[in-house]
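Have a look at the structure below before the remarks.
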Amino acid sequence: MKAQSVNDNSRKPYNNVPLREGEVLVPMMVTREFAIGQGADPANLRTWTKSGIQFLVMFTAVPADQEQICQQNFDKAVNQMLDERIGPNRHSRCMVPQPDGTEKPCPKVKDGNHAPCATCPHKGEYKKEDRSTVSYEELDDENYAPMECAPSAETTAMEGFLLKDLLEYLGSINPVLADIVSMGYGGLEKKDIVQRLGVKSSQAYDLYKRAEKLTYEFLRG
């Protein structure tokens, strides 16, 4: 199957069921086995590529007012997969030499403060920062994107049994993991969930990240 970019617009419902009025198609990252098990027509699956990594996608129908959140969750799933495949240094910034001999990470592009990475005249000139170790303080800043505990497109398509199965699966490993997902599904934000766990901040983030990882693996089949 030919790999296509994530901007490819060749989309068909995974099961060939025509869209109803008010529905749109959203992408869902899947394994081939999972897709076929859900009744997908293999001809409707697409292999997309991003950052040199290929992954399989099928398209499921959701109400138009849920398109944005489903797309956001899909993007998060793709980014997490890339982080796992490529590593945390995927987002490393260049270490720019300072007049005093030290090095500092290149600041994020904001209001034209410098050229984007793709067109930077110093591209490839400096070494990259090592982001293999991230502090818990860093996780708590405004740039940290918390997980969406509720399944995204999967929720819309198979909400009834999938969430139940997910919670049972997480509960069999650690009941706290199921509680984290339940609270996220209920709309609680990251900080509220962490506070309700009643453990140290570092341990709470460990549990949170584990719940995220296991949920992602479960939904991918």
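- Without hydrogens or angle criteria, T215 side chain to A211 main chain gives a donor-acceptor distance under 3.5 Å.
- Distance CD/E212 to CG/L214: 10.0 Å, rounded to 0.5 Å.
- Clustering ILVMFWY residues whenever any of their side-chain heavy atoms sit less than 4.5 angstrom apart, transitively, puts M58 in a cluster other than the one holding V17.
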Output a table of donor-acceptor pairs, distance under 3.5 Å, between side-chain atoms of residues 20-28 and any protein atom two or more places apart or on a different chain; print 'none' if there are none.
{"residue": "R20", "atom": "NE", "partner": "E23", "partner atom": "OE2", "Å": "3.2"}
{"residue": "R20", "atom": "NH2", "partner": "E23", "partner atom": "OE2", "Å": "3.0"}
{"residue": "E23", "atom": "OE1", "partner": "R20", "partner atom": "N", "Å": "3.0"}

Next on the checklist: Determine whether Y205 and K190 satisfy the following criterion, side-chain contact (heavy atoms from CB on, under 4.5 Å), listing intermediate values before the conclusion.
Outcome noted: CA-CA 9 Å; Y205 281 120; K190 176 193 66 174; 4.0 Å; yes
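- Separating the NZ atom in K104 from the CE atom in M95 is a distance of 10.0 Å, to the nearest 0.5 Å.
- Here E125 pairs with H122 under the side-chain hydrogen bond (donor to acceptor under 3.5 Å, both in side chains) rule; sequence neighbours left out.
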Next on the checklist: Determine whether I180 and Y208 satisfy the following criterion, side-chain contact (heavy atoms from CB on, under 4.5 Å), listing intermediate values before the conclusion.
Outcome noted: CA-CA 7 Å; I180 290 172; Y208 198 84; 3.9 Å; yes
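- With sequence neighbours left out, the side chain to side chain contact (heavy atoms under 4.5 Å, CB included) criterion links P99 to no other residue.
- Evaluation of the salt bridge (Lys or Arg N to Asp or Glu O under 4.0 Å) rule for E33 yields no partner, not counting sequence neighbours.
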What pairs of donor and acceptor atoms, side-chain ones from residues 170-179 against any protein atom, are under 3.5 angstrom apart with sequence neighbours left out?
{"residue": "S172", "atom": "OG", "partner": "Y169", "partner atom": "O", "Å": "2.6"}
{"residue": "N174", "atom": "OD1", "partner": "V176", "partner atom": "N", "Å": "3.0"}

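- With sequence neighbours excluded, the residues forming a side-chain hydrogen bond (donor to acceptor under 3.5 Å, both in side chains) with Q71 are D75, listed by chain and number.
- F55 and I36 end up in different hydrophobic clusters when Ile, Leu, Val, Met, Phe, Trp and Tyr side chains are linked at under 4.5 Å.
- With sequence neighbours excluded, the residues satisfying side chain to side chain contact (heavy atoms under 4.5 Å, CB included) with D65 are P63.
- Side-chain contacts under 4.5 Å among hydrophobic residues (ILVMFWY), followed directly or transitively, place V96 together with Y126.
- Here the CZ atom belonging to R32 is positioned 6.0 Å from the CG atom belonging to L45, to the nearest 0.5 angstrom.
- With sequence neighbours left out, N44 forms a side-chain hydrogen bond (donor to acceptor under 3.5 Å, both in side chains) with N16.
- V78 and M29 get closest at one heavy-atom pair: N-CE, 4.1 Å.
- Applying the side chain to side chain contact (heavy atoms under 4.5 Å, CB included) criterion to A204, with sequence neighbours excluded, gives V194, L197, V199.
- Note: W48 and F74 have perpendicular aromatic rings, judged against thresholds of 30 and 60 degrees for the angle between ring planes.
- Once rounded to the nearest 0.5 Å, the distance linking CG of N73 with CD of Q66 reads 10.5 Å.
- A search for side-chain hydrogen bond (donor to acceptor under 3.5 Å, both in side chains) contacts involving E103 returns K127, not counting sequence neighbours.
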